[in-house]
Amino acid sequence: MFLKTKINYDFKKKIIGFIFFSLITLTIYFLISKQIVYPTIVPMIKNGAIKLFADWTVILNANLCFEKGLDVYLNNPCDPWGRRHVYGQILLNIPFIEKLSKFYFIVFPILINLLFIYIVINFFELENLIQYFVVLLFIFSSSVILAIERANIDIIIFLVTIYISYNKRFIFNYIAIIFAALSKFYPITLAFIFLFEKNFKKVMLNLIFVITIILVIYFFQIEDIKKIFSNSKQFKAISIYNFSFDGFLYYIINLKLIINKQDYNWLKYLILFIVLGLPLIITLKKKLSFVFNNKNIKDLYLNNIYENRLYILSSIIILTCYFSFNNFIYREIFFLGLIPWIFKQKKITDKENFFSFYFYLLCLKFFLSSILIFLFMNNILYQYKALITLVKHILDLYLILVVLIIFLSSLKSMLNNYFKTMFHKKSGT
């Protein structure tokens, strides 16, 4: 009787989940087709018409030029927007684009987006109305909708990250990491998945092996890579669409707050203290000891399970990109990879309410960022646009610093464990 009840409950839950998934995808289709998402999401226009999946389309068009022997790294005449986007050669060898144009330009990006949405929804257990609402908060955030509307390659890399987190067969992970790293530079950090191996020699061998393969391939593409970096300024994010430490520093140093022709530049330092300084001081004072002593945080690298693997890979990508590159906000979709681990920790134990705080901070960042981007892009409170941009960048940095603190705690524990293991082997104990 109990088993039958459980089967009925699980079946009912799957049906409700599928209906919820269908409603979300139909809503996104409605918002985009009716152009409601614009101008919050900057439309890509060609011949007076808005074109969907612009980032993916650029890759396909670059393939068409590449097949004709044209240099798509410096000047891509097949790019309808003249943005001169460049990609790794692995994405310039997609077969049969002209013969299967409908599949590549329409069906494939739709399938990738549907898979992405489905996976994100399944990060949540959907046991109450609050969780349904939270899913909507993330799915309909500006960064996620931008990635979906553009069919950005980061979605594919996110899906590769999910796959690597689930899969423990090294050969398939090698292939996936190499593919991702040859499409963009930052996925080379996915090689850190091998740090979950408890044997230090195996860790080093796996890291050296996969990174060497990638570097050798980079070496044979060195001329193309030089062209990519020479054109890097042409595809840097700016203003409210920027997600990077470089962007934060730029707006703190160079931003001039002029409101009604009055100089309010002092206000940015007050906002910096209120939105970043004060919360960070409180967080460090109340939570730092917990973070560096909590067993579940310290064991992030030591427990080789899906949630831990996904959390570590997502946090490494976020930290690497934020501090090293000038990113568009669609890179923020990797914050979603933190959710399964946070949920698991909330269930296990949360006496200090740290994981609840962490999750609510994640929700707050996505919610407020979306509101700020909406205000900025729709020219609401036009005279406060500089202030809106500043607040968004400060929110980004605060969340990034929390992610960094947790990462450092887990890294410290992992290194201590390796050194202890090596010491015991040498001493013969």
Looking at Thr320, is its backbone amide N or carbonyl O close enough to the side chain of Ser324 to form a donor-acceptor pair, meaning the two atoms are under 3.5 Å apart?
yes

Could Lys256 and Asp263 be called an ion pair, given the rule that one side-chain N must be under 4.0 Å from one carboxylate O?
no

Ring geometry between Phe357 and Tyr398 (parallel below 30°, tilted from 30 to 60°, perpendicular above 60°)
perpendicular

Going by distance alone, is a donor N or O of one side chain under 3.5 Å from an acceptor N or O of the other, for Asn379 and Lys385?
yes

Does Phe290, at its CZ atom, have more than 12 non-hydrogen atoms belonging to other residues, nucleotides or ligands within less than 6.0 Å?
yes

Kindly compute the distance separating CG (Leu100) from CD1 (Ile106), expressed to the nearest 0.5 Å.
12.5 Å

Quick one: closest heavy-atom pair of Leu401 and Leu276, and the distance?
CD1-CD1, 4.2 Å

The criterion is salt bridge (Lys or Arg N to Asp or Glu O under 4.0 Å); which residues satisfy it with Lys285, sequence neighbours excluded?
none

One pair to check against side-chain contact (heavy atoms from CB on, under 4.5 Å): Leu278 and Ile274. What are the steps and the verdict?
CA-CA 5 Å; Leu278 189 59; Ile274 294 173; 5.8 Å; no

Using modelled atom types only, decide if a donor and an acceptor are shared between the side chain of Asn152 and the backbone of Asp55 within a distance under 3.5 Å.
no

Heavy-atom count check: over 12 atoms from other residues, nucleotides or ligands less than 6.0 Å from Phe30 CZ?
no

Does the salt bridge (charged side-chain N to carboxylate O under 4.0 Å, His left out) test come out yes or no for Glu125 and Lys347, once each step is laid out?
CA-CA 12 Å; Glu125 295 185 352; Lys347 274 189 170 183; 2.4 Å; yes

Centroid separation Tyr174 to Phe209 less than 6.0 Å:
yes

Side chains of Phe194 and Glu197: does their closest heavy-atom pair fall under 4.5 Å?
no

Separation of Leu92 CG from Leu182 CG (nearest 0.5 Å):
11.5 Å

Phe53 ring center within less than 6.0 Å of Phe105 ring center
no

Show your working on side-chain contact (heavy atoms from CB on, under 4.5 Å) between Leu372 and Leu395 and close with a plain yes or no.
CA-CA 11 Å; Leu372 293 171; Leu395 281 171; 4.0 Å; yes

Any donor and acceptor pair, going by atom type alone, linking the side chain of Thr40 with main-chain N or O of Met377 inside 3.5 Å?
no

Go through it in stages, so that I can follow the logic: the residues are Lys344 and Ile305, the test is side-chain contact (heavy atoms from CB on, under 4.5 Å), and I'd like the CA-CA distance, side-chain angles, deciding distance and then a yes or no.
CA-CA 12 Å; Lys344 186 170 184 177; Ile305 57 176; 3.1 Å; yes

Enclosure of Ile36 CD1 (heavy-atom neighbours >12, cutoff 6.0 Å):
yes

Quick one: closest heavy-atom pair of Ser143 and Phe366, and the distance?
OG-CE2, 3.6 Å

Strictly under 6.0 Å, is that where the ring centroids of Tyr186 and Phe325 end up?
no

Parallel, tilted or perpendicular, judged at 30° and 60°: which one describes the rings of Tyr301 and Phe196?
tilted

Is the backbone of Ser239 close enough, under 3.5 Å, to the side chain of His393 for a donor and an acceptor to pair up by distance?
yes

Determine whether the aromatic ring centres of residues Tyr358 and Phe343 are separated by less than 6.0 angstrom.
no

For residues Leu390 and Val275, determine if any side-chain heavy atom of one lies less than 4.5 Å from a side-chain heavy atom of the other.
no

Min side-chain heavy-atom separation Trp341-Ile297 under 4.5 Å:
yes

Are Tyr104 and Trp56, when compared by the centres of their aromatic rings, separated by less than 6.0 Å?
no

A side-chain contact here means heavy atoms from C-beta on lying under 4.5 Å apart; do Asp246 and Tyr251 qualify?
no

Going through the checks in order, is the side-chain contact (heavy atoms from CB on, under 4.5 Å) test met by Asn296 and Asn303?
CA-CA 9 Å; Asn296 294 325; Asn303 288 335; 5.7 Å; no

Calculate, to the nearest 0.5 Å, the distance between atoms CD1 and CD1 belonging to Ile121 and Ile139 respectively.
5.5 Å

Leu129 atom CG, neighbour heavy-atom count above 12 within 6.0 Å
no

Around atom CZ of Phe367, are there more than 12 heavy atoms from other residues, nucleotides or ligands closer than 6.0 Å?
no

Does the side chain of Phe21 reach to within under 4.5 Å of the side chain of Asn122, using non-hydrogen atoms?
no

Within the distance-only criterion (no hydrogens, no angle test), does the side chain of Ser370 pair as donor or acceptor with the backbone N or O of Ser142 below 3.5 angstrom?
yes

Here the gap from Ile394 atom CD1 to Ile271 atom CD1, rounded to the nearest 0.5 Å, amounts to 6.5 Å

Hey, does the side chain of Ser141 reach the backbone of Phe138 with a donor-acceptor pair shorter than 3.5 angstrom?
yes

Greater than 12 external heavy atoms within 6.0 Å of Tyr250's OH
no

Looking at the rings of Phe334 and Phe158, which for Trp means the six-membered one, are their centres under 6.0 Å apart?
yes

Using modelled atom types only, decide if a donor and an acceptor are shared between the side chain of Lys298 and the backbone of Ser409 within a distance under 3.5 Å.
no

Rounded to the nearest 0.5 Å, what's the gap from CD1 on Ile400 to CZ on Phe248? Could you check?
12.0 Å

Side chain of Asn327, backbone of Ser244: donor and acceptor closer than 3.5 Å?
no

For atom CZ of Phe374, decide whether the heavy atoms of other residues, nucleotides or ligands shown that lie under 6.0 angstrom number more than 12.
no

Indicate yes or no: at least one non-hydrogen side-chain atom of Asn242 is less than 4.5 angstrom from one of Asp396.
no

Find out whether Val160 and Pro187 are in side-chain contact, i.e. whether some heavy atom of one side chain is under 4.5 Å from a heavy atom of the other.
no

Donor + acceptor pair across side chains of Lys365, Ser369 (<3.5 Å):
yes

Do the side chain of Arg331 and the main chain of Cys321 share a donor and acceptor less than 3.5 angstrom apart?
no

Regarding Ser413 and Asp299, do their side chains bring together a donor and an acceptor under 3.5 Å, going by distance alone?
no

Closest non-hydrogen atoms of Leu255 and Lys268, given as atom of the first, atom of the second and distance, are O-NZ, 2.8 Å

Answer yes or no: is there a side-chain heavy-atom contact under 4.5 Å between Phe407 and Leu319?
yes

For Leu91 and Ser183 the tightest heavy-atom approach is CD1-CB, 3.5 Å

From the list Ile145, Thr57, Val42, Ile155, side chain to side chain contact (heavy atoms under 4.5 Å, CB included) with Arg150 holds only for Val42

Between Phe355 and Lys346, is there a cation-pi geometry (under 6.0 Å to ring centre, at most 45° from the normal)?
no

Contacts of Asn128 that satisfy side chain to side chain donor-acceptor pair (under 3.5 Å) - sequence neighbours left out:
none

Any donor and acceptor pair, going by atom type alone, linking the side chain of Asn308 with main-chain N or O of Asn304 inside 3.5 Å?
no

Verify the neighbour count for atom CD of Glu98: are there more than 12 heavy atoms of other residues, nucleotides or ligands below 6.0 Å?
no

Taken to the nearest 0.5 Å, the spacing of Leu280 CG from Phe273 CZ works out to 11.0 Å

